[in-house]
Amino acid sequence: MKQLNVIIVYHPDGERVLMCQRRKPPYQGLYNLVGGKAEPGEDGLAAAYRELQEETGITGQEIVLTRLMDFRYHYCDIELQVYAGALKREVVLREELNPLCWMPLTENFFDSARFAGDGNIGHMLEIVRHDMPQLMTAEAHIAPAQKGEASCDTK
């Protein structure tokens with residue numbers, strides 16, 4: 001199974017999220033979360049940190065990522081792992097391929113004419129906002145149940 005990841009990066013102010021504008025298919029021209037592919041045998045969390053650094057210059061010193069959820073696409077044998085975290089401080093972004101920008105959380109991330117993922121980005125951001133708002137600010141970060149894993153209250 002091919003492992004992919006996307007990373008939700010919240011600005012230190014907790015009011016913006018990092019997006020890239022895709023230069024090639026799929027979703028060419030649309031805004032998307034940063035992310036990429038895991039190397040064979042690479043741990044998912046390690047792959048997320050590596051991709052984040054490659055695409056933006058953000059390192060593990062500047063953010064703590066938590067695994068939020070997975071999407072499994074059986075028809076094409078892909079697992080998409082979703083990670084989230086807030087920057088501890090302002091950083092200078094370094095673009096690899098796709099232009100980067102900070103989008104205000106007031107955007108309609110369900111708008112498929114502007115955002116990749118057919119509404120999935122909006123869904124992911126709503127899950128964080130509703131169930132795990134501590135991931136939106138570095139100061140309020142609460143350690144998850146297991147390192148790199150999110151915990152859910154199913155009551």
Side-chain angles (χ1 to χ4, degrees), residues 2-39 42-71 73 76 78-142 144 147-150:
K2 187 176 187 178
Q3 264 190 356
L4 304 176
N5 59 52
V6 292
I7 302 118
I8 302 169
V9 177
Y10 289 95
H11 190 273
D13 65 17
E15 297 179 13
R16 295 177 278 167
V17 67
L18 184 61
M19 303 294 285
C20 67
Q21 190 169 26
R22 292 195 52 86
R23 289 189 184 226
K24 52 186 185 175
Y27 303 113
Q28 184 173 3
L30 300 182
Y31 291 101
N32 198 6
L33 298 168
V34 297
K37 301 173 189 162
E39 300 294 334
E42 186 177 28
D43 172 74
L45 185 60
Y49 277 112
R50 178 184 52 75
E51 284 292 342
L52 185 60
Q53 185 170 4
E54 287 176 3
E55 292 191 17
T56 69
I58 296 170
T59 69
Q61 300 294 316
E62 296 152 335
I63 193 168
V64 175
L65 296 179
T66 298
R67 191 167 177 178
L68 183 62
M69 65 181 72
D70 298 340
F71 291 90
Y73 299 90
C76 58
I78 289 176
E79 179 185 57
L80 176 66
Q81 298 176 354
V82 181
Y83 295 87
L87 286 172
K88 297 175 185 177
R89 60 188 165 277
E90 290 260 2
V91 298
V92 175
L93 298 173
R94 186 191 75 231
E95 297 174 359
E96 179 188 40
L97 172 66
N98 299 307
L100 301 171
C101 65
W102 291 106
M103 288 271 189
L105 291 173
T106 54
E107 289 282 346
N108 176 10
F109 293 99
F110 290 99
D111 182 356
S112 295
R114 292 187 63 216
F115 297 97
D118 303 313
N120 282 336
I121 293 172
H123 170 73
M124 293 176 222
L125 294 175
E126 283 298 304
I127 293 291
V128 174
R129 184 187 65 76
H130 184 265
D131 296 334
M132 302 184 73
Q134 70 271 14
L135 295 179
M136 295 171 67
T137 59
E139 295 82 26
H141 181 76
I142 297 171
K147 186 177 180 184
E149 297 292 326

Do the side chains of [Y] and [X] get nearer than 4.5 Å, heavy atoms only?
| X | Y | answer |
| --- | --- | --- |
| H11 | E90 | yes |
| L18 | L93 | yes |
| V64 | K88 | yes |
| L65 | I63 | yes |
| N32 | N98 | no |
| E55 | I7 | no |
| E126 | F110 | yes |
| R114 | M19 | no |

Taking all atoms of both residues into account, what is the closest heavy-atom pair of [X] and [Y], and its distance?
| X | Y | value |
| --- | --- | --- |
| G44 | Y83 | C-OH, 3.1 Å |
| M124 | L33 | SD-CD1, 3.9 Å |
| A138 | A86 | N-CB, 3.3 Å |
| I8 | Y10 | CG2-CE1, 3.3 Å |
| I121 | A116 | CD1-O, 3.3 Å |
| Q28 | P25 | OE1-CD, 3.5 Å |

Nearest 0.5 Å, please: how far is [atom2] in [Y] from [atom1] in [X]?
| X | Y | atom1 | atom2 | value |
| --- | --- | --- | --- | --- |
| D131 | M69 | CG | CE | 8.5 Å |
| L68 | Q81 | CG | CD | 11.5 Å |
| I78 | L4 | CD1 | CG | 5.0 Å |

Between [X] and [Y], is there a donor-acceptor pair closer than 3.5 Å when you use the side chain of the first and the backbone of the second?
| X | Y | answer |
| --- | --- | --- |
| Q21 | G29 | yes |
| E62 | T59 | yes |
| E95 | L100 | yes |
| R23 | L97 | yes |

Side chain to side chain contact (heavy atoms under 4.5 Å, CB included) partner of N5, chosen from E51, R67, E79, R50: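 Of the listed residues E51, R67, E79, R50, the side chain to side chain contact (heavy atoms under 4.5 Å, CB included) partner of N5 is E51.
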After noting the C-alpha distance and the side-chain angles of V9 and T56, does the key distance pass the side chain to side chain contact (heavy atoms under 4.5 Å, CB included) rule? CA-CA 10 Å; V9 177; T56 69; over 6 Å; no
Y31 vs F115 aromatic rings, parallel, tilted or perpendicular, using cut-offs 30° and 60°?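 Tilted, since the angle between the ring planes falls between 30° and 60°.
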Results of salt bridge (charged side-chain N to carboxylate O under 4.0 Å, His left out) for D111 - residues two or more places apart only: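 Partners of D111 under the salt bridge (charged side-chain N to carboxylate O under 4.0 Å, His left out) test: none.
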Count the heavy atoms of every other residue, nucleotide or ligand shown that sit under 6.0 Å from CD of Q61, and state whether that count exceeds 12.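 No - once you tally the heavy atoms of other residues, nucleotides and ligands closer than 6.0 Å, there are 12 at most.
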